[in-house]
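Here is the naming used below: chain letters follow the sequence lines, and residue numbers restart at 1 for every chain.
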Amino acid sequence: MKARTRFAPSPTGELHIGGIRTAIFSWLLAKHTGGEFYIRLEDTDQERYVPGSARRILQSFDWLGIQLDGGPDHAELAAMKTNEDYPEALADGSYHGVPKPFVQSQRLAFYKERSEWLIANGYAYRSNETSEELDAMRKEAEAKKQNFRFHEHMRLRTDIKPDEPHVVRMRILPPNGQTVLNDALKGKVVFENANVDDAILLKSDGFPTYHLAVVVDDHMQGVTHVLRGDDWLPSAPKHVLLYQYFGWDQPVWAHTPNVNGNDGRKLSKRHGAQTIWEFRDQGYLPEAMINFLAMLGWAPGNGDEQNVFTIDELIAKFSLDGVGISPAVFEYNKLDWLNGVHIRRLPAEDLAKRLEPFLAQAGVVVDTPEKHEKLLRMIPLITERIKKLNEAAPFVDFVFSDIVTPPQEQLIGPKMELHLSLHALKESRRVLDELPNFDDAAAMEEAMRKLGDDLALKPTQLFTIIRNAVTGKSVTPPLFGTMAVMGKATTLERIDRAIAQLSGR
RNA sequence: GCCCUCAUCGUCUAGUGGACUAGGACGCGGCCCUUUCAAGGCCAAAACACGGGUUCGAAUCCCGUUGAGGGCACCA
């Protein structure tokens, strides 16, 4: 059975990493079945709307490499309260049959129509308490240590005409019955109707609340599986009831556990990165983010112990059965490791391309074909040394810009005297200069090892001196490959400067 | 206060009544490899929250306790 799923954020700010995980689950489920995944913007709260956030939400999916089968297009975004600019054409309108529009503020007529239907059929009623009146009722209940739940009998005025300001509230029927949610993850969850309040469905400004809008849209747009955060569980009976009132088949419900920080609490700013952009800026790969997030609360199961997945593998193996029911803690250790794994899987040209912005930010300029070529040659030498893209710069910066000649103490080999180090440096220069082909790192290594033998030096001793002389650092990618990339002229020039430094000149 | 959910190594998890002396991964420790740093290989330490049941047998089923999380808006 083909699944059609959606992710329905409200454009009130940045997407939270936990929300993105839910979106990834939904997307994987849809793609696993050959179905569709789309985005719907739930902008029914005019107050909380943040201009620009719709565009950022769409761009998040773009960065992650998640292809949408539907979502607000140019015209829909343009029609939002504040003009949204999304230059990249999101889709061409061929939405696999998912009916437009994908922005709730442009679907108002549907909600109005359904709400009138509910009233006409006895499932909803008009009500017009002011917020002050409601507050007073709440305070009173609190003073009596009672729960406040709005029910029809509490109405202050009952003779409300359709043309005067009012809200529409749902009736909970039968009042003393039970409503059962069949959740694919949690199983049967039973709610006493007495504990469900008469939620507002249509606000006095004519906009729907979430409860009405989500049910109407999911039905009209043919959503088969509703995946959403655990925090929606308490209001799920309202939605179940609405489906029953309308006589519609319910979707498969799946309330996913939340993602917590390492203190077991809901992820928030003090836990570090929040938005996908922060991860991107720290040098995490979208491939790794998807892999990691998918495994946060999901595992292939059946004894399958795979940890590293390509996107295609995730799509092939994902199913709701593998989704857990207890909250997961977001930890960076495994993410970092996974990111390193995915970096090592990248072809050199691809990694170089992704590295360039990070190098530029660190002041390493790769702006000519020659420099690009050098970077490409450095890639195999650094790929297994970095876990994040922002860690590459220290491994290559000395290739692209000059170094400060190291102080004497750095040019003296371990357990060696100054004069012996100086001699080793001079001999190294001679050997390197005599090399027939400076590009041949293997031959270079062979020659240098022989020199070490001749001088009765351990490789560590000799190579440490050269490493410091040539790179100015004690930690670098493999020495000879690096020198080959730097080239003969640069290498010998730096050794000359080191010789001068050690000679005290 | 009321309602709901959850509970296996530090973390992500496998496990659906016997194959569990509880498996894998990350991290941590050790060893090997080694020109530095990594990567890689090998080894080790590390968990069924607690208490009652049910059963010949329970990490797995039931009840309770404790702990944690979430929800109780003209917000989603």
Can you tell me how the ring of A:Trp253 sits relative to the ring of A:Tyr243, calling it parallel under 30°, perpendicular over 60° and tilted otherwise?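 Correct class here is perpendicular.
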Any idea how A:Tyr210 and A:Trp232 line up, ring-wise: parallel (<30°), tilted (30 to 60°), or perpendicular (>60°)?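 Judged by the thresholds at 30° and 60°, the geometry between A:Tyr210 and A:Trp232 is parallel.
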Check this one for me: any side-chain N or O of [X] less than 4.0 Å away from OP1 or OP2 of [N]?
{"X": "A:Arg449", "N": "B:U35", "result": "yes"}
{"X": "A:Ser131", "N": "B:A73", "result": "no"}
{"X": "A:Arg467", "N": "B:C37", "result": "no"}
{"X": "A:Lys238", "N": "B:G71", "result": "no"}
{"X": "A:Arg149", "N": "B:C2", "result": "no"}
{"X": "A:Arg138", "N": "B:C74", "result": "yes"}
{"X": "A:Lys144", "N": "B:G1", "result": "no"}

When all nucleic acid strands are considered with a 4.0 Å heavy-atom cut-off, which category describes [X]: base, sugar-phosphate, or nothing?
{"X": "A:Gly452", "value": "nothing"}
{"X": "A:Val167", "value": "base"}
{"X": "A:Pro477", "value": "base"}
{"X": "A:Pro9", "value": "nothing"}
{"X": "A:Val189", "value": "sugar-phosphate"}
{"X": "A:Thr44", "value": "sugar-phosphate"}
{"X": "A:Glu192", "value": "nothing"}
{"X": "A:Glu384", "value": "base"}
{"X": "A:Asp304", "value": "nothing"}

Which base sits across from [N] as a Watson-Crick or G-U pair, both distances under 3.5 Å?
{"N": "B:A22", "value": "none"}
{"N": "B:G29", "value": "B:C43"}
{"N": "B:G69", "value": "B:C4"}
{"N": "B:U34", "value": "none"}
{"N": "B:G64", "value": "B:C50"}

Spacing of [X] atom [atom1] relative to [N] atom [atom2], expressed in whole Å:
{"X": "A:Asp135", "N": "B:A73", "atom1": "CG", "atom2": "P", "value": "10 Å"}
{"X": "A:Asn195", "N": "B:U5", "atom1": "CG", "atom2": "C1'", "value": "15 Å"}
{"X": "A:Leu181", "N": "B:C4", "atom1": "CG", "atom2": "P", "value": "13 Å"}
{"X": "A:Trp298", "N": "B:A14", "atom1": "CH2", "atom2": "P", "value": "10 Å"}

Check: A:Ser204 side chain, B:C74 base, donor-acceptor under 3.5 Å: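 Indeed, a donor on one side and an acceptor on the other fall under 3.5 Å apart.
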For a quick check, tell me whether the side chain of A:Asn258 and the base of B:G70 share a donor-acceptor pair closer than 3.5 Å.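 No such pair is found, so the answer is no.
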Quick one, A:Arg138 with A:Glu142, criterion salt bridge (Lys or Arg N to Asp or Glu O under 4.0 Å). Give me CA distance, side-chain angles, the key distance, then yes/no. CA-CA 6 Å; A:Arg138 277 194 195 92; A:Glu142 199 180 330; over 6 Å; no
Nucleotide-resolved protein contact map, nucleotides 20-31 of chain B, B/S/- at heavy-atom distance under 4.0 Å: ---BBBSS----
Could you tell me how far B:C9 sits from B:C72 if I compare only their P atoms? Round to whole Å.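 B:C72 and B:C9 have their P atoms separated by 30 Å.
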Testing the 3.5 Å rule here: is there a donor-acceptor pair between the side chains of A:Gln104 and A:Asp217?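 On atom types as modelled, these side chains qualify, holding a pair under 3.5 Å.
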